Chemist: 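Here it is, the structure in full.
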Amino acid sequence: MKVLVAAPLHEKALEVLENAGLEVVYEEYPSQERLLELVGDVEAIIVRSKPKVTREVIDAAPGLKVIGRAGVGLDNVDVEYARGKGIEVVNSPGASSRSVAELAIALIFNVARKVAFADRKMREGVWAKKQAMGMELEGKTLGVVGFGRIGYSVAKIARALGMEVLLYDPYPNEERAKEVGGKFVELETLLKESDVVTLHVPLIDATYHLINEERLRLMKKTAILINAARGAVVDTNALVKALQEGWIAGAGLDVYEEEPLPKDHPLTKLDNVVLTPHIGASTVEAQMRAGVEVAEKVVKVLKG
Ligand code: NAD
């Protein structure tokens with residue numbers, strides 16, 4: 001049985017495929033044209049966020065049984081069409097949770113202690129001791145919006161830092177909340193009472209611009225907003241205003257409504273925001289886990 005690995009995959013994941021006796025064809029990010037040539041005789045395709053597994057690709061692979069996406073989002077796979085043809089689509093949604101959670105915590109510390117700002121000043125030869133006055137986290141309240149895999153992991157770490165934890169999720173899991181000593185409240189209460197608000201919801205109709213001008217105005221003037229979920233969960237224009245006019249104290253962002261973030265975007269002009277280029281899942285461990293998990297699922301489908 002033949003598997004096309006069409007994106008970079010950790011060697012441990014390749015071992016899983018090979019140890020299962022599968023023939024592995026490895027070509028990172030082939031063009032769509034080349035992909036059509038490669039899939040003719042494969043039973044499985046493994047991709048990341050690229051390349052695109054379109055209808056055309058699926059039709060060009062008559063023996064295809066399973067499509068594996070190492071990672072979470074399935075935007076690049078025509079899932080409905082594949083499943084309609086009896087082809088399984090598998091991914092590895094939990095593989096990067098801890099990494100994204102740790103990045104959210106890194107952003108919280110960074111904004112609270114103005115690390116990036118102080119570093120920039122040092123490089124300009126400025127000893128910005130007074131301007132870099134920060135906020136301690138112990139005893140402060142963290143509001144977690146979206147208490148799923150990542151939200152849970154963030155809450156667990158925050159608890160260990162001595163933070164109080166408030167949670168908002170339309171599908172509350174009370175047992176997990178108890179584990180992290182968290183309390184479910186309404187979104188408005190969470191926004192009003194939290195010193196740090198961190199977003200871990202999926203981007204769906206109900207969460208598009210969930211954090212808008214009205215909700216930003218509910219937050220404390222001293223509060224920090226973290227977004228490592230999806231850019232469009234926050235109304236960026238409203239956030240820029242909030243940061244410029246001091247409705248909130250700062251923000252840490254890993255995701256944007258437009259990615260890559262345009263070079264001269266107003267966010268890049270603000271000192272009270274820390275920006276990272278969508279690197280939540282970018283750790284060696286998350287990449288390995290994503291690859292291995294998806295390889296195991298692909299093997300399971302192929303071996304029945
Ligand atoms: P998850 O499905 O485990 O958890 C999402 C939670 O959000 C669920 O508990 C769900 O009930 C809740 N939710 C749904 N609608 C809501 C709403 N309207 N208000 C509040 N909560 C709501 O997902 P996860 O694995 O924890 O991932 C969360 C998000 O993180 C993903 O959707 C993805 O967009 C993002 N993510 C970002 C990166 C990155 O690199 N920055 C990497 C992976 C995932």
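Values in this document were obtained by computation on a predicted structure and should not be read as measured data. Counting starts at 1 for both ligands and their atoms, in listed order.
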Chemist: Assess whether side-chain contact (heavy atoms from CB on, under 4.5 Å) is satisfied between L142 and V154, documenting all intermediate values.
Modeler: CA-CA 9 Å; L142 175 74; V154 172; 3.9 Å; yes

Chemist: Are any of the N/O atoms on S97, whether in the backbone or the side chain, positioned under 3.5 angstrom from an N/O atom of ligand 1?
Modeler: no

Chemist: At what distance, to the nearest 0.5 angstrom, does OG of S49 lie from CZ of R69?
Modeler: 5.0 Å

Chemist: I'd like to know if K178 and E174 make a salt bridge, using a cut-off of under 4.0 Å between side-chain N and carboxylate O.
Modeler: no

Chemist: Ignoring hydrogens, just give me the one of I150, L103, L203 whose non-hydrogen atom is nearest atom 26 (O) of ligand 1.
Modeler: I150

Chemist: For atom 29 (C) of ligand 1, which protein heavy atom lies nearest, and how many Å away is it?
Modeler: V201 O, 3.6 Å

Chemist: Check ligand 1 against T207 and write out every atom of the ligand that is under 4.0 Å from a heavy-atom position of the residue.
Modeler: 16 (C), 17 (C), 18 (N)

Chemist: Can you tell me which residue and heavy atom of the protein come closest to atom 37 (C) of ligand 1, and the distance to 0.1 Å?
Modeler: A228 O, 3.2 Å

Chemist: Which of these, R149, H200, R230, has its nearest heavy atom closest to atom 33 (C) of ligand 1?
Modeler: R230

Chemist: Need the ligand 1 atom indices (1-based, order shown) with element for anything under 4.0 Å from a heavy-atom of G146.
Modeler: 7 (O), 21 (N)

Chemist: Salt bridge or not between K85 and D59? Use side-chain N to carboxylate O under 4.0 Å.
Modeler: yes

Chemist: How far is atom 4 (O) of ligand 1 from its nearest protein heavy atom, and which residue and atom is that?
Modeler: G148 CA, 3.2 Å

Chemist: Should you measure from each heavy atom of A281, which atoms of ligand 1 turn up under 4.0 Å away?
Modeler: 40 (O)

Chemist: Got more than 12 heavy atoms from elsewhere within 6.0 Å of NZ, K269?
Modeler: yes

Chemist: Does the pair R34/E37 count as a salt bridge with the N-to-O cut at 4.0 Å?
Modeler: yes

Chemist: Does R120 come within less than 4.0 Å of E124, counting only side-chain N to carboxylate O?
Modeler: no

Chemist: Quick test of your reading of the model: are K220 and E193 salt-bridged, counting only N-O distances below 4.0 Å?
Modeler: no

Chemist: Among all the protein's non-hydrogen atoms, which is closest to atom 40 (O) of ligand 1, and how far away is it?
Modeler: H278 CD2, 3.0 Å

Chemist: Please identify which atoms of ligand 1 are closer than 4.0 Å to at least one heavy atom of D254.
Modeler: 39 (C), 40 (O), 41 (N)

Chemist: Can a salt bridge be assigned to the pair K300 and E296 using a cut-off of 4.0 Å between side-chain N and carboxylate O?
Modeler: no

Chemist: Can you list the ligand 1 atoms lying under 4.0 Å from a non-hydrogen atom of F147?
Modeler: 9 (O)

Chemist: For atom 42 (C) of ligand 1, what is the closest protein heavy atom, and at what distance to 0.1 Å?
Modeler: V100 CG2, 3.3 Å

Chemist: Could you tell me the residue and atom name of the protein heavy atom closest to atom 22 (C) of ligand 1, and the distance to it rounded to 0.1 Å?
Modeler: P170 CD, 3.3 Å

Chemist: To the nearest 0.1 Å, how far is atom 12 (C) of ligand 1 from its closest protein heavy atom, and which atom is that?
Modeler: D169 OD2, 3.1 Å

Chemist: For atom 35 (C) of ligand 1, which protein heavy atom lies nearest, and how many Å away is it?
Modeler: A229 O, 3.5 Å

Chemist: Determine the minimum heavy-atom distance between S99 and T283, stating which atoms define it.
Modeler: OG-OG1, 2.6 Å

